[in-house]
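Let me begin by presenting the structure, written as structure tokens, before commenting on it.
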2 protein chains.
Amino acid sequence: MGLPLRKSKVLPPPQCPLSMCMDLLRGAWAPNVIWYLRGGARRFGELRHDIPRISARVLSQRLRELEARGMIMRRLLDTSPPSAEYELTELGHELLPALDAIVKVGTKLRHDAAPKRRLAA
Amino acid sequence: MGLPLRKSKVLPPPQCPLSMCMDLLRGAWAPNVIWYLRGGARRFGELRHDIPRISARVLSQRLRELEARGMIMRRLLDTSPPSAEYELTELGHELLPALDAIVKVGTKLRHDAAPKRRLAA
DNA sequence: CAGGATCCTAATCGATACTG
DNA sequence: CAGTATCGATTAGGATCCTG
């Protein structure tokens with residue numbers, strides 16, 4: 001017989017907001033997309049240029065996901081050839097403090113403790 | 001010929017701290033592990049109980065990862081049967097503000113916009 | 001109780017080619 | 001330019017069994 005389980009000292013996040021928000025940031029690229037939209041509206045091709053190693057397919061997927069969840073707005077421009085522009089919604093702007101907090105921790109991480117994988121930016 | 005690319009108004013996060021920190025929180029369970037360690041040291045079995053749907057294998061993986069990157073400390077207890085306890089390091093505590101910011105956004109998300117997947121808590 | 005070994009499924013991503 | 005379709009590689013995760 002081992003030790004008895006102690007009661008947790010922290011409450012589970014009600015209705016799982018932690019997971020709900022992490023779902024938004026899931027994947028290698030979603031945080032970068034949001035990061036580069038903080039400066040204002042940005043076209044598809046501009047985002048591809050901002051985030052060089054993202055593929056068109058994944059960028060398209062992330063943009064549609066973020067749009068479906070009300071984080072960004074898509075605007076079709078009446079140009080030739082046609083182009084599209086994406087912009088953070090009011091709700092989407094609320095992600096920025098979270099992103100800032102994450103970046104702030106990131107700057108304190110020791111580089112030698114980083115994983116040996118591709119970086120996402 | 002379409003529109004010219006506009007210069008991005010935001011700087012890329014230097015040395016990619018955004019991705020470095022997101023790597024720590026990547027996956028469905030790492031944020032939950034950190035969340036439940038904020039109340040103090042916690043044993044392996046207690047964490048399994050805190051996070052009911054995590055498997056022992058994945059919990060073990062996440063704990064080893066977080067330990068390798070200096071976010072948590074592992075302590076072997078001299079009990080019978082032997083048990084192990086995990087605790088946030090000083091560096092690990094710096095993740096908490098980021099987690100709080102994420103949760104804060106999560107509480108504002110519309111539930112109907114959530115994905116149709118398993119929740120991670 | 002803690003956690004490694006094995007096997008398998010599902011999700012994510014990159015590359016390439018193609019459409020309106 | 002702004003995407004979509006298809007394919008294959010990588011990875012996270014679950015289930016089960018097993019050991020100290």
Side-chain angles (χ1 to χ4, degrees), chain A residues 1-6 19 22-33 41-68 72-87 115-121, chain B residues 1-6 19 22-33 41-68 72-87 115-121:
Chain A
M1 51 201 62
L3 304 178
L5 293 188
R6 294 166 294 188
S19 304
M22 284 306 295
D23 274 344
L24 281 177
L25 304 179
R26 182 173 317 242
W29 299 114
N32 279 288
V33 172
R42 206 98 180 110
R43 296 199 311 278
F44 190 90
E46 291 175 327
L47 287 170
R48 285 193 74 176
H49 179 261
D50 293 337
I51 317 172
R53 316 191 349 159
I54 197 173
S55 66
R57 190 181 75 94
V58 172
L59 176 57
S60 174
Q61 281 177 353
R62 294 296 146 260
L63 288 171
R64 272 183 285 119
E65 254 182 50
L66 291 170
E67 186 191 10
I72 65 177
M73 289 288 295
R74 179 189 135 106
R75 188 176 17 250
L76 254 168
L77 303 180
D78 190 17
T79 55
S80 165
S83 49
E85 201 172 67
Y86 298 87
E87 193 167 4
K116 306 283 179 292
R117 258 184 298 155
R118 52 158 175 57
L119 290 180
Chain B
M1 49 204 60
L3 305 177
L5 292 188
R6 294 167 294 188
S19 305
M22 283 306 297
D23 274 345
L24 282 177
L25 304 178
R26 184 172 320 248
W29 299 116
N32 280 283
V33 171
R42 206 99 180 111
R43 297 198 310 278
F44 190 89
E46 291 175 325
L47 287 171
R48 285 194 73 176
H49 178 263
D50 293 337
I51 316 171
R53 318 190 348 160
I54 197 174
S55 67
R57 191 181 74 96
V58 171
L59 177 56
S60 176
Q61 281 177 352
R62 294 296 147 262
L63 288 171
R64 270 183 285 118
E65 256 181 49
L66 290 170
E67 187 192 8
I72 65 178
M73 288 289 296
R74 179 188 133 107
R75 189 176 16 251
L76 253 168
L77 302 180
D78 190 16
T79 56
S80 165
S83 49
E85 201 172 67
Y86 297 86
E87 192 168 5
K116 306 283 178 290
R117 259 182 299 156
R118 54 159 174 56
L119 291 180

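Chain identifiers are assigned alphabetically (A, B, ...) following the order of the sequence lines, protein sequences preceding nucleic acid strands; residue numbering begins at 1 within each chain. Note: hydrogens, waters and symmetry copies are ignored here, and every other heavy atom, side chains too, is used. What you see is a predicted model; the values in this text were computed from it and never measured.
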Problem - Sugar-phosphate, base or nothing in reach of B:Arg62, heavy atoms under 4.0 Å - result: sugar-phosphate
Problem - Rounded distance (Å) that lies between atom P of D:dA2 and atom CZ of A:Arg48 - result: 10 Å
Handout entry: Nucleotide D:dG13, atom P - distance to CG of B:Leu63 in whole Å
Key = 13 Å
Fill in the blank from the handout: Atom CZ of B:Phe44 and atom C1' of D:dG20 are separated, to the nearest Å, by 14 Å
Exercise for the section: Give a yes or no on whether a salt bridge exists between B:Glu67 and B:Arg64, defined as a side-chain N under 4.0 angstrom from a carboxylate O. Expected result: no
Practice task
May I ask you to decide whether A:Glu85 forms a salt bridge with A:Arg42, counting only side-chain N to carboxylate O separations under 4.0 Å?
Solution key: no
Practice task
Measure the distance from CG on B:Asn32 to P on D:dA12 and round it to the nearest whole Å.
Solution key: 17 Å
Problem - Side-chain donor or acceptor of B:Glu46 paired with backbone N/O of B:Arg43 under 3.5 Å - result: yes
Problem - Of the listed nucleotides C:dA2, C:dG14, C:dT12, the one nearest the side chain of B:Ala84 - result: C:dA2
Completion exercise
Among the nucleotides D:dA12, D:dG3, C:dC1, whichever has the atom closest to the side chain of A:Tyr86 is D:dG3
Exercise for the section: Report the distance from atom CD1 of A:Ile54 to atom P of C:dG14, rounded to the nearest whole Å. Expected result: 7 Å
Handout entry: 5'-most by nearest nucleotide on DNA chain D - B:Leu3 or A:Arg64
Key = B:Leu3
Handout entry: Gap between atoms CG and C1', on B:Leu47 and C:dC1 respectively (whole Å)
Key = 13 Å
Practice task
Specify the separation, in whole Å, of atom CZ of A:Arg26 and atom P of C:dA11.
Solution key: 11 Å
Handout entry: 5' precedence on DNA chain C between A:Ser55 and A:Pro81 (nearest-nucleotide basis)
Key = A:Ser55
Completion exercise
The residue, A:Gly27 or A:Ala56, whose nearest nucleotide of DNA chain C is more 5′ is A:Gly27
Problem - Least distance between heavy atoms, A:Tyr86 atom then A:Ile72 atom - result: CD2-CD1, 3.9 Å
Exercise for the section: Look at the side chain of A:Arg57 against the base of C:dG14 and say whether a donor-acceptor pair falls under 3.5 Å; ignore hydrogens and angles. Expected result: yes
Practice task
Establish, with yes or no, whether the OP1 or OP2 oxygen of C:dT12 is under 4.0 angstrom from a side-chain nitrogen or oxygen of A:Trp29.
Solution key: no
Problem - Rounded interatomic separation in angstrom, taking CE from A:Met22 and C1' from D:dG13 - result: 16 Å
Completion exercise
Against the side chain of B:Val58, the closest entry in D:dA2, C:dG14, D:dG14 is D:dG14
Exercise for the section: Looking only at non-hydrogen atoms, find the nearest pair between B:Ala56 and B:Arg48 and report the distance. Expected result: CB-NH1, 3.4 Å
